Amino acid sequence: MLYGFVSNMNLAIIGTGYVGLTTGTCFAEVGHRVVCVDNNEEKVAALCRGKMPIYEPDLEDMIVSNVSAGRLEFTTDLGRAIRECEIVFIAVPTPPHEDGSVDLSYIEAVTREIAAVLSPELGYRVVVDKSTVPVSTGSKVYQVIERYSRKGVQIDVVSNPEFLREGSAVHDLLNPDRIVIGADSQRAMDLMKRVYQPFNAPIVEVDLASAELIKHAANSFLALKISYINAVSAVCEKAGADVELVAMGIGMDKRISRHFLNAGLGYGGSCFPKDVKGFINVAEHLGAPMEILKEVERVNAAQLERFIGRIRRKMWVLRNKRIAVWGIAFKQNTDDVRESVAVKLIRSLCAEGAIVTAYDPKASATGAAVLADCNVTICDDMYECTKDAEVLIVATEWKQFAMANLVKVRENMRLPILFDGRNIIHGENAVHAGFEYHSIGRKTLYPEKS
Ligand code: NAD
Ligand code: UGA
């Protein structure tokens, strides 16, 4: 790939998780020198040994090549990173509190650590918030730095939200639809534009507060699109219509677009659930409630309940029924199981006394850890997982599942009942293999009686 130019800026990233590690690596890939900092010593030591903390397509090779080119390094030494780098990105967690408000304690802690290192002699620094935060967090970060650093330090605070999707993070970072930069100072804006010049992407230059709001509003809108099509899928089931055809028909209107109109078991992951909650909370506090987002959450929760209800109606009692689940990760191409709907489904089936086996191409270790208190057997092979099963459920949209040899699966199973929670199996193929095929927002297909 050709990038705009090689600019060789020195960038520090505080927090080497999904966002910090992938953005840091992609900044290095386009020519910057990047120091990734994390306070998790084990994680940093592992990265220094070349061991990846997450599975993300194409990431490992890119890390290896940039480390060996001297453009990327990992450290626990936050002070050195700030002394060496003019721009400091914050990419630490912003998890939800019980009441849905955003826990900003990680941001506050890092901000104080940065403040303690800054000095007038060090010169100008730009502190960039890349974590997803409520509007007006940037101005609080600025106040904290002023309060805790020595007199005379020169800083600006910028918001630069991240829009990568897990499972395609490297691709998304190198080919962004747009870069959002929120800054109230031209000096900071100009520096940030230099950081992103190699990406050849449109830059949306806005004020700090608007940039923060763009991120919450974007994630909430995508979640809303998913809940919309899931609500439509319930209507399709009642009306005998096909949600895939409806999504195609409405999605071809460019004003709507087909993206994020895949009906399924609902959205999960570390971001949509928390960011919808966060935005509801922020809007309420500002006195401009986003009631529409409460309905988005309600539809999302109802979608899984409705699906489990359909399985219950089909199988009557779930206790002691052998149920195979394909998919544990919250989406395809990742080993991330945070807020995974597949995990919620497995928990719910186990709680009803079903005998559950599960398989995921990448999330068996992360899945086993989060389901340790659950009586589920995690299998190494997708076919072994279906052995003697009475129902097979597809819970995550992995390509492997769509490409499965359904005849082999059918031969493995005790009963030929397939519930496709992601509409990825070709229904006709399932029926030809002898399955009764249940999916989302479409008619159930039955095999011909011989
Ligand atoms: P993560 O939990 O994967 O990683 C956060 C990292 O920060 C961890 O490695 C942790 O050890 C480190 N950390 C915490 N406190 C620290 C400190 N004081 N000093 C140094 N390191 C510290 O989180 P994530 O998924 O990368 O998310 C980070 C932020 O980015 C969140 O606000 C999230 O909403 C946002 N975001 C995430 C994604 C995504 O796909 N995961 C996409 C866009 C935005
Ligand atoms: C999402 C956004 O897409 C990113 O732009 C954003 O940066 C990120 O959140 C974030 O802020 O962390 P991510 O959660 O990684 O990215 O993955 P998505 O592809 O958005 O999927 C989220 C969930 O929605 C998954 O559970 C997926 O199965 C579900 N989904 C997605 C649907 O049910 N239907 C769809 O049409 C699309």
Side-chain angles (χ1 to χ4, degrees), residues 12-24 36-44 47 53-54 56 74-78 81 89-96 102-114 129-134 137 160-169 172-173 176-177 215-216 218-223 225-230 233 247 251 257-276 278 300 303-304 327 329-334 336-344 395-398 421-424 440:
I13 315 265
I14 317 293
T16 308
Y18 280 82
V19 170
L21 182 59
T22 51
T23 33
C36 283
V37 182
D38 206 283
N39 63 357
N40 180 333
E41 287 176 13
E42 260 176 56
K43 186 184 265 192
V44 171
L47 277 163
I54 52 168
E56 190 62 44
F74 304 102
T75 179
T76 53
D77 190 346
L78 177 137
F89 290 83
I90 301 177
V92 295
T94 49
V102 185
D103 177 355
L104 293 168
S105 59
Y106 295 88
I107 299 271
E108 200 260 358
V110 169
T111 306
R112 278 192 286 120
E113 283 184 65
I114 294 171
D129 180 25
K130 207 166 228 331
S131 296
T132 302
V133 293
T137 299
N160 172 220
E162 183 47 61
F163 300 98
L164 68 84
R165 290 162 300 172
E166 291 184 21
S168 55
D172 291 351
L173 282 160
D177 289 345
K215 177 62 192 178
H216 259 163
N219 269 9
S220 298
F221 188 77
L222 292 170
K225 266 191 104 170
I226 298 169
S227 276
Y228 182 80
I229 200 65
N230 282 337
S233 78
S257 113
R258 177 64 181 81
H259 298 292
F260 278 70
L261 283 184
N262 295 322
L265 294 180
Y267 61 77
S270 66
C271 292
F272 283 170
K274 94 167 160 61
D275 292 343
V276 170
N300 198 52
Q303 193 71 357
L304 178 62
F330 85 97
K331 64 175 286 192
Q332 77 282 26
N333 297 332
T334 178
D336 196 345
V337 294
R338 292 180 286 181
E339 289 291 315
S340 167
V341 180
V343 168
K344 288 186 183 154
T396 307
E397 57 275 60
W398 282 96
R422 295 290 175 185
N423 285 2
I424 56 165
I440 304 284

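Note that the coordinates shown come from a computational prediction; the quantities given were computed from them, not determined experimentally. Read the numbers this way: they start at 1 and go in the same order the structure lists the ligands and their atoms. For reference, positions follow the sequence shown, starting with 1.
- Nearest protein neighbour of atom 4 (C) of ligand 2, counting heavy atoms only, is Leu164 O, 3.3 Å.
- Annotation for Glu166 and Ser270: closest pair OE2-OG, 3.8 Å, computed over non-hydrogen atoms.
- Remark: side-chain polar atoms of Ser131 are paired, donor with acceptor, to backbone N or O of Val92 under 3.5 angstrom.
- Looking only at heavy atoms of the protein, atom 3 (O) of ligand 2 is closest to Arg165 CG, 3.2 Å.
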Practice item. Decide salt bridge (Lys or Arg N to Asp or Glu O under 4.0 Å) for Lys344 and Glu339; before the verdict, give the C-alpha distance in whole Å, the side-chain angles of both, and the deciding distance to 0.1 Å. Key: CA-CA 8 Å; Lys344 288 186 183 154; Glu339 289 291 315; 3.4 Å; yes

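- The nearest protein atom to atom 33 (O) of ligand 2, hydrogens excluded, is given as Arg422 NH1, 3.4 Å; this is a heavy-atom distance.
- The ring-ring contact (aromatic ring centres under 6.0 Å, His included) test applied to Phe89 returns Phe27, not counting sequence neighbours.
- Scanning all heavy atoms of the two residues, the minimum distance from Ile440 to Ser233 falls at CG2-OG, 3.6 Å.
- Listed by chain and residue number, Ser227, Tyr267 satisfy the side chain to side chain contact (heavy atoms under 4.5 Å, CB included) test with Asn300 (two or more places apart in sequence, or in another chain).
- Atom 25 (C) of ligand 2 has its closest protein heavy atom at Phe330 O, 3.5 Å.
- Summarising the geometry of Cys271 relative to Asn219, their closest heavy-atom pair is CB-ND2, 4.0 Å, with the distance given to 0.1 Å.
- Residues Ile90 and Thr111 are in side-chain contact: their nearest non-hydrogen atoms beyond the backbone lie under 4.5 Å apart.
- Those atoms of ligand 2 that come under 4.0 Å of a heavy atom in Lys215, given as number and element, are 6 (C), 7 (O), 10 (C), 11 (O).
- In this structure, Gly268 counts as a contact residue of ligand 2, since one of its heavy atoms falls inside 4.0 Å of the ligand.
- The atoms of ligand 2 that sit less than 4.0 Å from any heavy atom of Asn262 are 32 (C), 33 (O), 34 (N), 35 (C), 36 (O).
- Set against the non-hydrogen atoms of Glu166, the atoms of ligand 2 under 4.0 Å away are 15 (O).
- In terms of the side chain to side chain contact (heavy atoms under 4.5 Å, CB included) criterion, residue partners of Lys274 (sequence neighbours excluded) are, by chain and number, Thr94, Pro96, Thr132.
- Within the 4.5 Å cutoff, side-chain heavy atoms of Asp336 are placed close to those of Tyr18.
- Taking every non-hydrogen atom of Glu397 and a distance limit under 4.0 Å, the qualifying atoms of ligand 2 come out as 27 (C), 28 (O).
- Within the 4.0 Å heavy-atom shell around ligand 2 one does not find Gln332.
- Shown here for Val341 and Gly266, the closest heavy-atom pair between the two residues is CG2-O, 3.6 Å.
- Atom CZ of Phe330 and atom CG of Leu265 lie 14.0 Å apart (nearest 0.5 Å).
- The protein heavy atom nearest to atom 5 (O) of ligand 2 is Phe163 O, 2.7 Å.
- With ligand atoms numbered from 1 in the order given, ligand 2 contributes 9 (O), 10 (C), 11 (O), 12 (O) to contacts under 4.0 Å with heavy atoms of Cys271.
- Between Asn219 and ligand 2, at least one pair of N/O atoms sits closer than 3.5 Å.
- Atom 21 (O) of ligand 2 has Lys331 CD, 4.0 Å as its closest protein atom, hydrogens excluded (heavy atom only).
- Scanning the protein for heavy atoms near atom 30 (N) of ligand 2, the closest one is Ile226 CD1, 3.5 Å.
- Nearest heavy atom pair, residue Pro273 against residue Gly268, reads CD-O, 3.7 Å.
- Under 4.0 angstrom from ligand 2, the non-hydrogen atoms of Leu261 all belong to its backbone.
- For OH of Tyr106, the number of neighbouring non-hydrogen atoms (other residues, nucleotides, ligands) closer than 6.0 Å is 12 at most.
- Listed by chain and number, Ile14, Gly15, Thr16, Gly17, Tyr18, Val19, Asp38, Asn39, Asn40, Lys43, Ala91, Val92, Pro93, Thr94, Tyr106, Val110, Glu113, Ser131, Thr132, Glu162, Leu164, Glu166, Lys215, Ser270, Cys271, Lys274, Arg338 each place a non-hydrogen atom less than 4.0 angstrom from ligand 1.
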